[in-house]
Protein chains: 4
Amino acid sequence: MSTLKRLKRREEIIEGALKLFSKGGFYQTTIPDIARTIGMSVGNFYNYFTSKEVLAKELLLYISEYLGERIRTINESDATTQEKIRAIVAMYFEMVQSRPEMIEYFLRIFLSNREVFGEGCEGTVCVSAFITEMMLFFDDGVSCGDLREQDFFSAFGLFMGYLGGMAFLCGEKVLPHALDSYVDSITQNIYRALKT
Amino acid sequence: MSTLKRLKRREEIIEGALKLFSKGGFYQTTIPDIARTIGMSVGNFYNYFTSKEVLAKELLLYISEYLGERIRTINESDATTQEKIRAIVAMYFEMVQSRPEMIEYFLRIFLSNREVFGEGCEGTVCVSAFITEMMLFFDDGVSCGDLREQDFFSAFGLFMGYLGGMAFLCGEKVLPHALDSYVDSITQNIYRALKT
Amino acid sequence: MSTLKRLKRREEIIEGALKLFSKGGFYQTTIPDIARTIGMSVGNFYNYFTSKEVLAKELLLYISEYLGERIRTINESDATTQEKIRAIVAMYFEMVQSRPEMIEYFLRIFLSNREVFGEGCEGTVCVSAFITEMMLFFDDGVSCGDLREQDFFSAFGLFMGYLGGMAFLCGEKVLPHALDSYVDSITQNIYRALKT
Amino acid sequence: MSTLKRLKRREEIIEGALKLFSKGGFYQTTIPDIARTIGMSVGNFYNYFTSKEVLAKELLLYISEYLGERIRTINESDATTQEKIRAIVAMYFEMVQSRPEMIEYFLRIFLSNREVFGEGCEGTVCVSAFITEMMLFFDDGVSCGDLREQDFFSAFGLFMGYLGGMAFLCGEKVLPHALDSYVDSITQNIYRALKT
DNA sequence: GATGAATGAGCTTTCATTCAT
DNA sequence: AATGAATGAAAGCTCATTCAT
């Protein structure tokens with residue numbers, strides 16, 4: 001089979017698994033579930049991924065790269081720091097709408113199944129693409145004098161914890177307004193927190 | 001058997017389950033595991049909780065009340081808003097050290113196993129004790145003119161997302177310094193974000 | 001406790017168990033179920049019956065004696081043989097309405113749980129009160145020249161198999177008419193089959 | 001694996017389960033028992049039948065079709081009505097000897113475990129193959145003037161209740177003679193009951 | 001590469017019975 | 001006589017993974 005066809009099949013597994021994992025959880029989603037969803041046999045699945053855990057880690061890389069890529073575009077724009085914050089917040093919320101599986105996977109599958117992502121994903125290994133871009137954003141902000149110099153993780157925790165928290169509250173349907181409508185206030189809150 | 005003894009046994013289950021769930025996850029922790037930990041037979045466990053899910057929900061209530069109680073103490077003190085923020089941050093981080101099970105349970109078990117907490121915990125039902133106190137904190141801050149008036153959930157997402165994020169990063173051992181050492185910067189970031 | 005009170009409690013258990021067993025089956029009915037139904041503790045139940053199986057056998061005796069008693073009344077009347085057949089059929093169908101638990105117990109619990117009634121109920125031991133009366137009925141019929149002499153069990157199988165079959169079909173709700181309306185045709189069928 | 005092989009495995013389960021259920025009852029027979037009997041793993045069993053209940057219903061269909069088929073052969077012969085009655089009685093008793101599992105399953109498992117056959121087997125759905133043939137038998141008998149016209153279920157209850165009753169008494173070992181020896185008297189009793 | 005039957009350990013839950021009170 | 005907490009074996013069912021075809 002051509003390399004291209006194989007890559008296509010692989011991507012199908014990834015996208016199918018992403019949907020199922022994020023909706024039903026890691027343990028509730030079975031390999032037969034995934035195989036059935038994409039019209040593949042169980043046996044053949046194992047020709048693409050050697051185990052369920054390996055698949056879960058690949059998914060993490062996949063999302064981290066996707067997210068990292070989108071932040072990179074923002075980083076590379078010549079917007080002001082505040083505009084970049086707003087762009088990241090808006091991008092994140094837009095993903096909550098358009099690719100909820102990705103955000104859910106990050107929030108629910110990755111953050112909570114430590115035992116699954118244990119070895120091979122120590123520290124920030126599996127999400128480095130994404131973290132790297134966030135680091136660049138902060139460094140740029142500090143360099144240009146817009147942001148206070150501080151421990152990266154304190155700033156990162158604020159930013160991503162905030163966005164994740166809002167995505168969670170949105171998923172729980174406790175927010176009184178649409179997620180979009182919070183972009184302004186959140187941007188403002190983050191900027192006020194981090195600016196010089 | 002006295003009601004007192006029964007309540008004591010019940011609490012033993014709760015504390016044992018809390019430790020096991022938060023360490024190993026909901027699905028990886030079995031009822032036999034829990035029973036063995038506290039020296040009880042599997043069958044007898046079911047005389048106290050009718051199912052694993054019911055236990056999980058009770059745990060959530062238990063933690064929510066515990067956390068709510070601690071925040072209430074802070075709310076009722078006559079500290080300034082900024083001091084209260086610092087007290088909440090410090091309390092939270094202290095709990096990450098002294099009662100890591102509770103924080104982990106909130107972050108990993110509750111936030112990620114939607115299917116488990118589905119019915120009976122819609123919206124904020126199961127965590128209302130905790131949320132209520134956070135609402136009071138914000139209302140007080142706004143009333144005394146220290147905090148800007150804004151959508152509660154935007155402020156709440158910032159505060160708790162931030163703290164949860166830091167607890168998570170701490171658990172992943174990616175923080176370069178001890179959690180305590182972040183209390184100042186985090187308090188400052190939160191206060192800057194929310195103040196008038 | 002007085003002997004009278006004790007007998008009353010015992011009867012309560014019997015009547016409660018009869019209802020539950022006949023509705024839910026022997027294995028589906030638990031001792032806690034029975035105890036709860038009659039407002040007795042599980043432990044106390046065992047002061048009245050030493051095991052679930054012993055209870056089941058007592059129930060059988062109870063019903064057999066009840067049924068035997070009713071047939072005896074018919075046997076002792078001075079009706080003709082055909083009138084007696086009709087009286088038995090009518091009495092049986094009346095019981096299907098008024099004491100369905102008894103009939104159901106006979107048909108469903110006794111006939112199908114051989115392992116339960118195994119020892120102690122070999123052959124007709126546990127239902128002898130009832131069988132004895134049926135034997136008397138046949139003997140009388142033969143003596144007075146109304147019925148052909150034949151193997152008792154062939155006649156008994158016809159009579160009780162027929163009635164049990166109709167009760168079953170009634171329970172399955174497949175009968176197009178009310179059970180009562182079949183009394184005539186069934187009496188006639190039985191009489192034709194057995195008469196000289 | 002070929003479809004043929006799969007069907008063969010399926011039949012092995014059916015025959016094995018039939019033996020075990022009819023001997024030990026529905027609840028006393030476990031899936032591990034069945035799997036062990038036919039040399040199959042527990043897990044694989046569930047690749048053939050999705051649950052124990054589904055298996056029980058399939059068994060009923062299987063027997064109903066087998067019995068229906070044998071009655072059909074008799075119906076299609078050009079014997080007289082009385083000869084057909086004798087043929088059905090003889091066939092039934094022959095099955096009590098040669099395939100006791102089937103008769104026992106009908107009498108003990110199906111008739112008594114209503115909750116198991118509840119949905120999906122309402123009324124006569126699961127035994128229609130068998131009932132249909134019995135209906136044909138009666139209709140033919142009435143058409144040719146041998147049998148009186150009467151409610152089908154009254155005649156059916158007599159016929160099958162009688163045979164079932166005798167099979168039961170035989171199983172209980174209370175019959176003084178071999179089952180075969182009753183063929184004549186039973187045929188006669190049934191014919192007398194139903195004839196014009 | 002592709003299939004899906006097969007494995008079997010392991011899960012949650014049940015329940016007859018006992019026994020300290 | 002009465003209570004109900006406690007036991008623990010056993011049930012039905014699941015699922016990651018393998019492997020013959």
Side-chain angles (χ1 to χ4, degrees), chain A residues 1-2 5-6 9 26-36 39-56, chain B residues 1-3 5-6 8-10 26-36 39-55, chain C residues 1-3 5-6 9-10 26-36 39-55, chain D residues 1-3 5-6 9-10 26-36 39-55:
Chain A
M1 178 175 280
S2 73
K5 181 88 195 291
R6 192 171 159 73
R9 278 308 244 164
F26 181 75
Y27 293 103
Q28 275 46 58
T29 302
T30 72
I31 300 298
D33 284 344
I34 297 171
R36 191 179 324 110
M40 175 182 268
S41 71
V42 178
N44 200 15
F45 166 87
Y46 282 89
N47 285 326
Y48 289 87
F49 295 93
T50 55
S51 77
K52 198 180 175 183
E53 286 207 355
V54 162
L55 170 63
Chain B
M1 176 177 282
S2 71
T3 301
K5 182 90 195 290
R6 199 170 205 290
K8 201 169 151 291
R9 281 304 245 163
R10 206 184 128 90
F26 180 77
Y27 293 104
Q28 275 41 59
T29 302
T30 71
I31 301 297
D33 285 344
I34 295 171
R36 193 179 321 111
M40 175 181 268
S41 70
V42 175
N44 202 18
F45 165 86
Y46 283 91
N47 285 329
Y48 289 86
F49 295 92
T50 53
S51 77
K52 197 180 176 184
E53 284 207 357
V54 162
L55 171 62
Chain C
M1 175 175 283
S2 73
T3 302
K5 181 89 195 290
R6 191 171 159 73
R9 278 308 242 164
R10 203 183 130 90
F26 180 76
Y27 293 105
Q28 276 45 58
T29 303
T30 71
I31 299 298
D33 284 343
I34 296 171
R36 192 179 323 112
M40 175 182 268
S41 72
V42 179
N44 201 16
F45 166 87
Y46 282 90
N47 286 326
Y48 290 86
F49 296 92
T50 54
S51 77
K52 198 182 176 184
E53 286 207 356
V54 162
L55 171 63
Chain D
M1 175 176 283
S2 72
T3 301
K5 182 89 194 291
R6 199 170 204 290
R9 280 307 242 162
R10 207 184 126 89
F26 181 76
Y27 293 105
Q28 275 42 59
T29 302
T30 72
I31 301 297
D33 286 343
I34 296 171
R36 194 179 322 110
M40 177 182 265
S41 69
V42 174
N44 201 18
F45 165 86
Y46 283 91
N47 286 144
Y48 289 86
F49 296 93
T50 52
S51 77
K52 197 181 176 184
E53 285 207 356
V54 163
L55 171 62

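Here the nucleotide nearest the side chain of B/M40, chosen from E/dT12, E/dT3, F/dT7, is F/dT7. Nearest nucleotide to the side chain of A/N47, out of E/dA6, E/dG1, F/dA5: E/dG1. Taking every side-chain heavy atom of C/R6 into account, F/dA1 is the closest of F/dG12, F/dA1, E/dT12. The side chain of D/V42 has F/dT14 as its nearest neighbour among F/dA1, F/dT7, F/dT14. If you check E/dT13, F/dT3, E/dT7 against the side chain of B/S51, the one that comes closest is E/dT13. Of the candidate nucleotides F/dC13, E/dA5, F/dT17, F/dT17 has the atom nearest to the side chain of A/I31.
In this entry the distance linking CZ of A/F45 with P of E/dG1 reads 14 Å, nearest Å. Per the geometry, OH belonging to C/Y46 stands 16 Å off P belonging to F/dA2, to the nearest Å. Between D/F49 atom CZ and E/dA5 atom P there is a gap of 13 Å when expressed in whole angstrom units. In this structure, CD of C/E53 is placed 11 Å from C1' of E/dA16, rounded to the nearest angstrom.
Put simply, D/Y48 has a side-chain N or O that comes within less than 4.0 Å of OP1 or OP2 on E/dA6. For F/dA6, the OP1/OP2 oxygens have a side-chain nitrogen or oxygen of B/R9 closer than 4.0 Å.
Looking at heavy-atom distances under 4.0 Å, A/T29 makes contact with sugar-phosphate atoms alone, never a base. Within the 4.0 angstrom heavy-atom criterion, base atoms lie near B/P32.
The partner of E/dT14 is F/dA9, by the rule that a Watson-Crick or G-U pair needs both atom distances under 3.5 Å.
Each of A/Y27 and C/N44 was assigned the nucleotide of DNA chain F with the nearest heavy atom; the assignment lying further toward the 5' end belongs to C/N44.
One finds the NZ atom of A/K52 at 7.0 Å from the OG1 atom of A/T30 (value rounded to the nearest 0.5 Å).
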